[in-house]
Structure formats: C-alpha cells, structure tokens
Number of protein chains: 2
Amino acid sequence: MSSPGEARDGTKMITRPAKVRTMEEFAALSGISRPTLSKFFNDPSSVRASTRERVEAALERFDYTPNVYAINQNRQLTRNIGIVVPYLADPFFAEVARNLEPLCAQAGFNPILLSSHGDADREIQNLDSLRGIRPAGVLLGPLGRRSRRSDVEAFCRDIPTVLFDCDIEGVGDAYYGSNNAQTVGAVVAHLCRTGEPPAFFEMRHAPNPNANKRHAAYERAMRAHGHEPMFLTVEGEGWAFEEIGFNEGSRLIAARALPTDTVLCSNDRLAIGFLAAAYDQGLRVGSGPGHALRVAGNDDHPYAGYTCPALTTVSQDYDSIAGCSLERLLSIIESGERPPVRETRHFDGTLVLRKSA
Amino acid sequence: MSSPGEARDGTKMITRPAKVRTMEEFAALSGISRPTLSKFFNDPSSVRASTRERVEAALERFDYTPNVYAINQNRQLTRNIGIVVPYLADPFFAEVARNLEPLCAQAGFNPILLSSHGDADREIQNLDSLRGIRPAGVLLGPLGRRSRRSDVEAFCRDIPTVLFDCDIEGVGDAYYGSNNAQTVGAVVAHLCRTGEPPAFFEMRHAPNPNANKRHAAYERAMRAHGHEPMFLTVEGEGWAFEEIGFNEGSRLIAARALPTDTVLCSNDRLAIGFLAAAYDQGLRVGSGPGHALRVAGNDDHPYAGYTCPALTTVSQDYDSIAGCSLERLLSIIESGERPPVRETRHFDGTLVLRKSA
DNA sequence: CGAATTTCTTTACGCGCGTAAATTTCTGAC
DNA sequence: GTCAGAAATTTACGCGCGTAAAGAAATTCG
C-alpha cells in the first residue's frame with residue numbers, strides 16, 4: 001500500500017512546494033544572495049520592497065524555514081519572550097497567558113509559556129531553562145512570598161524582566177499589577193453601604209503577597225467606614241483555594257463563627273469554595289430579604305458568573321496589566337538598555353455586581 | 001548605593017560559581033576533554049562513573065550550561081517534546097499539562113507546552129512552530145472536528161506524534177483517550193437505577209468529537225435500559241461551555257422543556273452552567289426527596305466538587321491517558337523508528353457520586 | 001545624464017557544539 | 001604483572017546561519 005504523498009511506484013509526488021533545507025540552497029534556487037536573505041528573515045522591512053517581493057515569491061515556490069537553532073546561536077538577541085505564570089491551572093492566569101501570547105506574536109516575538117505550578121523550585125527552574133534560550137525579555141508573574149528572591153534577582157540582572165500580578169520589591173525592570181487598595185476598598189464600600197459590614201475570609205499563609213495587601217486594604221477600608229475589622233483567618237497551604245474555602249468555610253459556618261452576615265473573600269477561588277460550603281449547609285446566600293448571608297470575592301474569576309448565586313466581585317483590569325507589561329518589556333528590548341528607574345503601576349478594578357452580595 | 005553582587009568599590013564579588021561560557025573553556029578549567037564533556041551532557045551515564053563525578057565536581061565550582069542552540073543545531077535528534085492542548089484555559093487540560101510536564105522532564109526531555117486556544121489555525125501554527133525546534137516527538141491533544149486534518153497529517157508524517165483525549169482517525173502513531181461508552185454508560189446506569197432516566201444536555205456543534213461519542217453512548221445506554229433517548233440539544237459555538245450551559249439551561253428550564261427530572265450533561269463545564277441556571281431559577285438540584293432536578297456531568301472537572309450541589313460525574317482516568325501517551329511516545333523515540341501499527345486505547349473512568357444526582 | 005546614495009553580491013570568518021577517527025590511557029580480570 | 005577491552009584524549013571537520021568588509025549594481029535626485 002502506498003502511503004499518502006507517494007505515487008504507487010514509490011516515487012515522491014510533488015504536491016506541495018519542495019522542501020529546502022538550508023538558506024544557501026534557497027539562495028541558489030531563488031537567485032538572491034544569502035546575506036540578503038538573512039537580512040530579510042531577520043526583518044523583511046530591512047530590504048528593498050522589490051527584493052522583498054522576490055523573496056516572498058520564491059517562498060511560494062519553495063518550502064523553506066530558517067533553522068531556529070542556527071539563527072539564535074549567533075544572533076546577539078533572540079526574538080524569544082518568556083512568559084512565566086505562577087499557576088497555570090488557575091483559569092485566571094490561563095486567561096492572562098491566552099491574551100499575552102497573540103500580543104507577543106503580533107510584535108514579532110516568539111512567546112514561551114511556562115508555569116511554576118505554585119512551586120518556588122519550579123519557578124527558578126523555569127527561569128534557568130529560559131536562560132538557556134537566551135530570551136530577549138521575560139514577563140514574570142512571580143509566586144510572591146515563596147519566590148527565592150536572590151535567584152529571581154540574579155535572573156533579572158541578566159535578562160530584561162517585567163513583573164506582573166505580584167510584586168517583588170526592587171526586582172525586575174518594572175511591575176504592573178492591581179490596585180488592591182482600590183479593589184478591596186470598592187467592595188467594602190459597597191457592602192457597608194448596602195448592609196452589614198463584611199468580615200474578611202482569608203488564608204493565614206496565602207502563597208500570594210496580594211493577599212497581604214488585601215488584608216491591609218480591608219482593614220483600612222473598614223476603619224475608614226468606622227467599623228472594626230473582623231478577620232476570618234484560616235489555615236491551609238498551597239493553591240487548592242476552593243478546597244480550603246470549602247473546608248474552612250464549612251467549619252466556620254457549622255461553628256456559627258461568622259461575626260456578621262457578610263463575608264468578603266480574599267479572592268474568588270476562596271469564595272467559590274465558601275459559597276459551596278454555604279450551599280452545603282443550607283445557608284441562602286444573596287442580598288435581598290430571605291437571605292442569610294452575603295458573600296463577595298475579588299478578581300472576577302472566569303467562573304465567578306456561574307457560582308450559586310453568581311458572585312459579586314471586583315474585576316482586575318487585566319487587559320491593561322498584561323498590555324502594559326508587554327509594552328514596557330518591548331520598549332526595553334528595543335532601546336537595548338535597561339531602564340534606570342523601575343516603573344511601578346497599579347490599575348484600578350471595577351465592581352462587578354452580581355447576586356451574592 | 002551598591003547593588004547586591006557588588007562590593008562597595010564596584011568590583012564584582014564572587015559569591016557564586018564563576019560563569020563559564022563555552023564547553024571549550026569548561027574543558028580547560030575542569031581538565032576533561034571537550035568530546036567527553038559533550039558525551040556527559042548528552043547522557044551522563046555514558047561516561048565512566050569516576051569521570052562523571054569529576055564533571056559534577058567541576059560543575060560545582062564553575063557555572064556552565066551548554067548552549068541549547070548550539071547543541072540542537074547539530075544533534076540529529078533534540079530532546080524536546082512538544083505538548084499541544086486544545087484549550088489551556090480549561091482547567092482540565094491545564095491539569096493534564098501539569099502532570100505531563102514533570103514526567104517529560106523526569107525522562108530527560110524538555111517539554112514545550114502550547115495551547116491551540118480552541119482555534120484550528122492556531123493548532124497548525126503551533127505545530128509549525130514546533131517543527132522549527134525539531135522536537136523528538138509531540139503529544140497532541142487535537143481540537144478534533146475543527147482540526148485541519150491534512151495539515152495535522154502532514155505534521156505527523158514528519159514527526160513522531162501521539163494523540164490523546166480526542167482522536168483523529170488514522171492520524172498519528174497512537175491514540176489514548178477515554179472510553180466514552182463506558183463512562184456515559186456508567187452514569188446512565190446509575191441514574192436509571194436511582195430515579196427517572198436522564199435526558200442528555202449537549203451542544204449541537206460541540207468543538208470536540210468526544211461529544212459525538214457521548215451522544216451515541218447515551219443513546220445506546222438508554223436503549224439498553226429500555227428507555228427512549230431524550231436529547232436536549234442546544235445551539236452555541238466555541239469553548240465557553242459554562243456560558244452556553246447557563247444560557248441554554250435557563251431557557252430550557254424557563255420554558256419547562258425538560259422531559260424528565262434528570263439531566264445528564266455532555267461534560268462537566270456544561271453542567272456547571274446548567275447547575276447555575278437551575279439555582280438561578282430556584283430549582284432544587286439533588287437526589288433526595290424535596291429535590292426537583294437531578295444533574296450529572298462527565299469528566300470530573302477540577303471544580304466539580306464545588307458546584308452547588310457538588311456534581312455527580314464520571315472521572316476520566318487521566319493519569320493513565322497521560323502516562324500511556326508519554327510512555328508510548330518515548331518508546332517510539334527510543335526505538336528510532338515509527339511503529340507499523342497505530343495503537344489505540346480507551347481507558348475506563350469511575351463514577352464519582354456526589355450530591356447533584 | 002552623471003554623481004551620490006542606497007542596496008545587493010561576493011568573500012570570508014566565526015559561533016558553540018556534535019561527531020568521527022586515530023591514538024593514548026585507564027580499568028579489571030586473569 | 002600482563003593484556004584485552006573499555007574509556008578518554010587529540011585532532012579535525014562541519015552544522016546553518018550571523019555578520020562584517022569591500023566591491024558591484026541599482027536607485028534616486030539634481
């Protein structure tokens with residue numbers, strides 16, 4: 001039996017453009033010198049328009065792709081951009097990555113996505129493996145508290161790096177994240193205005209430092225509204241937030257340990273678990289009469305619209321955060337020199353009112 | 001102010017091993033010949049134990065990592081393995097990727113994770129970009145119906161590829177997936193045994209062909225139990241399953257278009273949306289008395305335990321599917337030749353009884 | 001139409017490492 | 001201690017392309 005791509009006598013059929021292995025060969029076939037081709041593949045706009053058209057016409061007839069390894073071996077700067085996220089199984093970061101990838105490609109760069117899976121060793125490992133491909137720059141969403149600062153710092157010294165989502169002070173060339181004070185402030189204000197002031201549901205040892213900022217932001221916001229903060233600080237390690245939210249939420253509810261009828265969760269994933277716990281124990285969550293509990297979150301998780309009831313939360317402005325991070329990184333790469341000052345920006349979120357509070 | 005890593009006078013402090021750029025240099029410093037080092041880095045076990053120890057000792061003193069690009073330029077076979085998933089923002093595939101990555105690394109391969117983001121063009125684009133790094137093999141979770149078969153086929157001809165999750169018949173060197181007939185059969189049997197037979201909630205144009213298999217499996221299972229199948233087939237495109245489940249579920253419930261009190265959803269994400277719709281309309285979901293509706297899913301999504309109520313579903317045996325896929329790919333790579341026959345295997349799932357049915 | 005400028009071609013070298021062949025050194029068993 | 005076999009060294013070449021320099025060709029412009 002002849003396989004597809006071969007005629008019955010076994011000779012190859014020319015159904016698609018002939019494969020060309022080397023640039024040398026392609027130069028001979030196309031009648032364009034190799035150095036010119038090299039320039040073209042490096043940046044098509046760097047050759048005369050008429051030449052560009054000749055190359056493109058030749059590419060139609062011959063199937064040639066420059067060898068990535070040979071290219072990057074000698075090039076002082078690759079066109080790789082590393083994207084490191086702390087935990088890809090969190091749909092939140094998956095979304096960020098999904099938005100970042102096409103933007104990189106559009107700018108002519110090759111995005112390489114890596115996840116630290118919540119593990120500091122993995123984070124360093126990722127950075128080390130990125131080092132190997134000599135990226136022009138890296139977008140790093142750090143683990144935060146767990147990050148091994150000195151290692152990350154060493155990496156950032158060698159390679160242009162922009163931090164996002166979670167700051168490690170003084171590390172990297174820039175940082176863009178959420179204005180936790182504003183987002184938490186907005187929910188607290190809303191909750192205080194429409195009912196009892198909220199207690200704050202959080203993990204004692206949250207892996208992400210945003211949790212600390214939210215803790216502080218909650219405390220300040222409560223005092224600003226003339227209330228004493230009420231913390232529901234629970235144990236639990238790792239990134240299984242839903243599970244922790246559910247287990248600890250169940251415990252709190254069963255023990256009647258809630259000081260008010262309103263709970264603000266440090267993030268949406270905790271809230272998802274907490275809502276499940278409330279449902280499980282027969283507590284009606286919502287804002288109207290006949291409801292026993294109000295629950296709000298923070299992040300606007302992709303699933304926040306499908307909890308029971310739909311979760312009231314604050315969306316992070318991730319378009320801006322991702323966009324700004326990439327933009328800044330590209331400008332650093334293009335300028336060819338590291339910026340003297342480290343830019344830091346916090347973007348406001350917007351309150352997303354649904355049914356849970 | 002002196003930055004860390006520098007003494008006050010500005011000279012670099014040697015806090016960590018000195019960086020060595022080339023293997024030549026490292027050979028001179030370590031007193032081991034370059035070809036031997038080359039062998040070592042290619043496969044440490046290929047050199048004598050005493051030599052290995054000498055190299056490792058030298059690596060303690062000097063910071064040297066072989067240049068990835070120079071390595072792969074000449075090597076006939078790289079140690080890269082491509083992992084392509086259809087949709088990374090689906091926590092399900094994120095979990096698969098998370099499990100696959102360390103397994104690859106453990107086997108001495110470098111995993112490169114790419115997501116097609118539900119787009120066929122992106123899928124081909126991913127494969128093309130993988131081609132550039134000449135992977136030793138690829139694990140491909142295809143989009144399925146949407147996949148451009150001829151392009152995928154062409155890729156698989158050139159590079160050892162194992163398909164998982166979703167089959168494209170005749171393409172690739174092997175396929176491992178779920179036994180949809182068994183998983184759907186198991187839920188249907190459970191539902192029929194414990195109450196009214198289920199209607200089947202599904203998308204008319206599901207992006208994944210597993211949906212078709214589940215459709216057929218449901219139909220067969222129902223007839224086997226002596227019931228007429230009842231399809232709740234809804235419109236909707238793309239991968240926003242929760243949204244589709246919610247919107248269409250809301251519509252069906254509001255229109256009182258449910259033929260029974262039991263709904264089996266084609267997958268868990270649809271079920272999550274459907275459960276939200278039921279909650280929204282005040283339908284009590286669950287199996288005991290006082291419940292208006294039973295809902296079950298299929299997949300055992302990471303969030304299935306945190307829906308309201310917790311979702312009864314069938315877990316896929318993803319450890320086996322991922323493990324088998326990788327194992328097969330590695331054996332193909334090691335053997336150096338493509339297998340004459342295409343292996344196909346379907347793994348059974350296990351019923352996960354929670355509270356929704 | 002000729003000069004100034006831009007672009008292309010020719011020639012040449014090197015990147016860091018894989019890899020082969022010939023030679024030398026080491027190992028382990030007798 | 002001897003000697004065969006294994007392992008390491010020496011030497012050498014090439015991978016596919018970046019890139020620099022000098023000269024040839026094409027383009028632009030007055």
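The sequence lines fix the lettering, A, B, ..., with proteins before strands; numbering per chain opens at 1. Basis for what follows: all heavy atoms, side chains included, without hydrogens, waters or symmetry-related copies.
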field: Contact state string [nucleotides 19-29 of chain D, B base, S sugar-phosphate only, - no protein heavy atom under 4.0 Å]
entry: BB-----SS--
message: Between the side chains of Arg338(A) and Asp173(A), is the shortest nitrogen-to-carboxylate-oxygen separation below 4.0 Å, so that they form an ion pair?
response: yes
query: Rounded to the nearest Å, what distance is computed from the CZ atom of residue Arg134(A) to the C1' atom of nucleotide dC17(D)?
result: 13 Å
task: Would you give the length of the straight line joining atom CG of Leu29(A) to atom CD of Glu24(A), rounded to the nearest 0.5 angstrom?
output: 11.5 Å
message: Within this structure, what is the CD1-CG distance for the pair Ile81(B) and Leu329(B), rounded to the nearest 0.5 Å?
response: 5.0 Å
Distance-only polar pair, side chains of Glu169(B) and Tyr175(B), donor-acceptor under 3.5 Å: no
query: For Tyr69(B) and dG18(D), what is the distance between atoms OH and P respectively, to the nearest whole Å?
result: 13 Å
query: Within this structure, what is the CD-to-P distance between Gln73(B) and dG14(C), rounded to whole angstrom?
result: 16 Å
query: Would you say the side chains of Arg54(A) and Thr51(A) form a donor-acceptor pair under 3.5 Å?
result: no
message: Whole angstroms only, please: what is the CZ-P distance between Arg52(B) and dA8(D)?
response: 10 Å
query: Taking CD from Glu24(B) and P from dT10(D), how many angstroms apart are they, rounded to a whole number?
result: 11 Å
message: Using whole Å, what does the distance between atom P of nucleotide dG18(D) and atom CZ of Phe26(A) come to?
response: 13 Å
task: Compare side-chain N and O positions of Tyr64(A) against OP1 and OP2 of dC17(D) and report whether any pair is under 4.0 Å apart.
output: yes
query: Where the side chain of Thr51(A) is concerned, which of dG16(D), dG16(C), dT7(C) is the nearest nucleotide?
result: dT7(C)
- prompt: Is the Tyr64(B) ring parallel, tilted or perpendicular to the Phe26(B) ring (thresholds 30°, 60°)?
  reply: parallel
- request: Whole angstrom is fine here: how far is it from CD in Glu25(B) over to P in dG16(C)?
  value: 9 Å
statement: Between CG of Asp43(A) and P of dT7(C) the distance, given in whole Å, is 12 Å
field: Nucleotide nearest Thr36(B) when distance is taken to its side chain, options dC17(C), dC8(C), dA8(D)
entry: dA8(D)
message: I'd like to know whether CD of Glu327(A) has more than 12 heavy-atom contacts from other residues, nucleotides or ligands below 6.0 angstrom.
response: no
